[in-house]
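As the structure is a prediction and not an experimental result, all values here were calculated from the model.
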There are 2 protein chains.
Amino acid sequence: MSSVQLHDFDADQLAAFRENITAEFNDLKAKNLKLDLTRGKPSSEQLDFADDLLALPGKGDYKAADGTDVRNYGGLTGIQDIRAIWAELMGIPVEQVLAGDSSSLNIMFDVISWSHTFGNNDSERPWKDEETVKWICPVPGYDRHFSISERFGFEMITVPMNEDGPDVAAVAELVKDPQVKGMWVVPTFSNPTGYSVSEDVAKQLAELETAAPDFRIVWDNAYAVHTLTEEFPEILDIVGIAEAAGNPNRFWAFTSTSKITLAGSGVSFFITSEANRSWYTDIAGIRGIGPNKVNQLAHARYFGDAEGVRAVMRKHAASLAPKFETVLNILETRLGEYGVATWTHPTGGYFISLDVVDGTASRVVELAKEAGIALTGAGSSFPLRQDPNNRNIRLAPSLPPVEELEVAMDGVATCVLLAAAEHYAR
Amino acid sequence: MSSVQLHDFDADQLAAFRENITAEFNDLKAKNLKLDLTRGKPSSEQLDFADDLLALPGKGDYKAADGTDVRNYGGLTGIQDIRAIWAELMGIPVEQVLAGDSSSLNIMFDVISWSHTFGNNDSERPWKDEETVKWICPVPGYDRHFSISERFGFEMITVPMNEDGPDVAAVAELVKDPQVKGMWVVPTFSNPTGYSVSEDVAKQLAELETAAPDFRIVWDNAYAVHTLTEEFPEILDIVGIAEAAGNPNRFWAFTSTSKITLAGSGVSFFITSEANRSWYTDIAGIRGIGPNKVNQLAHARYFGDAEGVRAVMRKHAASLAPKFETVLNILETRLGEYGVATWTHPTGGYFISLDVVDGTASRVVELAKEAGIALTGAGSSFPLRQDPNNRNIRLAPSLPPVEELEVAMDGVATCVLLAAAEHYAR
């Protein structure tokens, strides 16, 4: 860190700095880049890890362990074979785990939609019949979560997402309102900060006294095993924790193989209490006949067991860790001395959360776009895409190869500096 | 046909007949059968036709024709490769065809659910805000359709399903009521009668003046190519017909490969107008990121083209036709002379609709159960499972091997006769 940061520069220093960085920005534009850091998509290299899966389960292989012919109709809960692997991986009873189609987000939408239309198993009335439904949104958070609560017209109330999880004191205050019906949270390597919910915070969330009897926390454990290091995070038995706290139905927990095998054609898992499962399958059984069991068997064959899952995740870590390192190094090298940004240092997941000078995030994204670098829209990690400080940018390092990532991040750093210089020059 | 039918028997004749048939029923019970004619599931032999699919698309094969990596996220409309095959098969533009996950029933539920919550693209308000929503149900019809409209609390109004489709005059009368928001129909080899909607009736349905601007017909073309003969039925371009009639958004049409490849893990298709598609994908894009494209590519590889689909269907016909023949022969041989039943003679699809003596269907099902033969519950082809005449039984010949089917149907015939004899003896 230099002793003089950008906001302490005097007018002459700032003018000189701005001139330099503008020249650098013009050089950047001249490169005519077309780079994309917008979404947390796995790279081709990562998708190749699951190449075997494209030929699985294989001809003549269609019997689940219990003798079910996976090719035919039926089986709302998914097949035992893949559910057992996930139960082992998460250290929970297999009954607790429902295996579905490819997208856990689909199930999140459905349980909210069905609570809205029919009420859930603890509702006094359907949510549609409430005057207002309010929803707690830890920020920064996952844009697709917020899009769902927005679509249903919920009033979204933000709480800070801290290093150990959502600000429980704030949540505890909010849930005294019976109109507050639920909350989003990504408990492990959260999107976009990389923060994880501690066991202590999880217990407090489980114990909360809520005015709404049908309050639910959507526990989207999308990155449960998505380490960037040698170590796997502990997976909390959140349903067990909720049960011990006397609120067994509090959590709708989800995870999936989307970022383990194939992003668009994995297996999703819905993990929740018996009463919640029974409510869900009652309606899911009207919606249809059951999930794609052939894909579930293919996944069971591909992994073999829980250790098979971890083996794949080690390959992902080996592929992703250098990309995260690249981003963090460039941020440190280019921005560290100027005091114009802070960022998270995740040990897992898919994102780095970058906070730039207040009021400049949208300008950074705009400049990057001019230079051919697509960044996620400023504010996208906030409900209604409104970052009250206009400072947060979500970086997704997974998709581009390291060489492209270097060029893109160097460009982003230039944009951060130029936006800051413009800002302080006002 | 004998000249004297069962209801014309005098008391002595009837008593003697009843004694004989009771003895036959007791012999049947003594066999301790465990046979199932309940659901329209494909047999193992049929599922084996798609054995290759279990190893498709195959290692290293993940590029769609347009270069899309099908393994990654994205692609709400499904991949061009499989959509083009279905467009060719159905003689419609590829844009009209959305390819989804395995179950078209899931999409039917969703479009109704979303119309209920949000309103559809022609709604003045969401259906949940209507005092009452009424729904037209041609009967006998598909139980899972009726379960959906029941779940949403719609008032279900029946109209007769005739040999050329729903009774259009009755429908025309009903749609004068703005609370009538929609209608189910299986247009080809309808469940359970095997009847198909004629082009003339289809045009009349398209032309109907409805009081509700957001009225929709769920055109569930589940058996579009499911012939039992050498000939394929003509597939009506229902969206084109609706457009020509000036009501482009009238139909939500569906079909799937469930009974072409693998029942639980096929590809579904949603075929509808541009405005309807755009409404659907807007919400589907909040619900998730897209369908399983790997499975879609696997199916495209498996079929090759539309003729590939027809080639598979010829194999199904060869497997199913003898089963239908078996059922029809036994019905004719055992019941023909007594005038105690009528039944349909489908040339495609999965079901035979059997009408027994009024008031005896539930007794037949009960007797069959006693004898170890599971039949679909009486009334199951009617809304709320209420057959006003208690006479309809849906027979599903596909699953058991022919030998078992013979035993089961012979048993069913015995039960029909015994129930009739009991009835007339009252």
Side-chain angles (χ1 to χ4, degrees), chain A residues 39-42 44 47-48 50-62 69-75 101-103 105-106 108-110 113-114 116-118 126 128 144 147-148 150-152 258 261-266 283 285-295 297-298 399, chain B residues 39-42 44 47-48 50-62 69-75 101-103 105-106 108-110 113-114 116-118 126 128 144 147-148 150-152 258 261-266 283 285-295 297-298 399:
Chain A
R39 292 230 72 98
K41 284 186 175 184
S44 295
L47 295 168
D48 284 345
D51 199 40
D52 288 350
L53 194 55
L54 297 174
L56 288 173
K59 289 192 197 185
D61 188 359
Y62 51 77
D69 185 334
V70 299
R71 301 170 302 177
N72 223 321
Y73 288 117
D101 278 331
S102 302
S103 163
L105 195 68
N106 286 173
M108 296 179 219
F109 180 99
D110 286 349
S113 177
W114 302 348
H116 190 262
T117 302
F118 308 116
K128 72 178 169 56
R144 286 188 175 271
S147 298
I148 293 176
E150 181 183 354
R151 196 66 173 82
F152 284 91
S258 292
T261 56
L262 302 172
S265 46
I283 306 174
I286 302 291
R287 183 173 180 266
I289 303 178
N292 184 330
K293 300 186 298 298
V294 170
N295 192 38
L297 187 66
L399 193 60
Chain B
R39 293 229 71 97
K41 285 185 174 184
S44 297
L47 295 168
D48 284 345
D51 199 41
D52 288 351
L53 194 56
L54 296 174
L56 288 173
K59 289 191 196 188
D61 188 0
Y62 51 78
D69 185 333
V70 298
R71 303 171 301 177
N72 223 321
Y73 288 117
D101 279 331
S102 303
S103 163
L105 195 68
N106 286 172
M108 297 178 217
F109 181 99
D110 286 349
S113 177
W114 302 348
H116 189 260
T117 301
F118 308 117
K128 71 176 168 58
R144 286 186 175 274
S147 297
I148 293 176
E150 180 183 353
R151 196 67 175 83
F152 283 90
S258 292
T261 56
L262 302 173
S265 46
I283 306 174
I286 302 290
R287 182 172 180 264
I289 304 177
N292 184 330
K293 300 187 296 299
V294 170
N295 192 37
L297 187 65
L399 193 59

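If you tally non-hydrogen atom pairs under 4.5 Å between each of A:R71, A:R39, A:K293 and chain B, the highest count goes to A:R71. For the set B:D52, B:N292, B:D69, B:L262, the count of heavy-atom pairs under 4.5 angstrom toward chain A peaks at B:N292. Highest contact tally toward chain B, considering only A:N295, A:L399, A:I283, A:D101, is held by A:I283 [criterion: heavy-atom pairs under 4.5 Å].
Heavy atoms of B:I286 lying under 4.5 Å from chain A belong to its backbone as well as its side chain. For A:P126, no part lies near chain B; criterion is any non-hydrogen pair under 4.5 Å. For A:K41, the parts lying near chain B are the backbone and the side chain together; criterion is any non-hydrogen pair under 4.5 Å. Heavy atoms of A:T261 lying under 4.5 Å from chain B are absent altogether. Within the 4.5 angstrom heavy-atom criterion, atoms from both the backbone and the side chain of B:D51 approach chain A. Heavy atoms closer than 4.5 Å to chain B are found in both the backbone and the side chain of A:D48. If you measure heavy-atom distances from A:L47 to chain B, the contacts under 4.5 Å come from both the backbone and the side chain. Residue contact with chain A, scored on non-hydrogen atoms closer than 4.5 Å, involves the backbone and the side chain of B:S147 alike.
Every residue two or more places apart in sequence or in another chain was checked for a ring pair (Phe, Tyr, Trp, His ring centres under 6.0 Å) with B:Y62, and none qualifies. Looking at residues two or more places apart in sequence or on another chain, you find a side-chain contact (heavy atoms from CB on, under 4.5 Å) between B:A263 and A:N72, A:Y73, B:P42.
Between A:S113 and B:S113, the shortest heavy-atom contact is OG-OG, 3.7 Å. The shortest non-hydrogen separation linking A:A298 to A:L53 is O-CD1, 3.5 Å.
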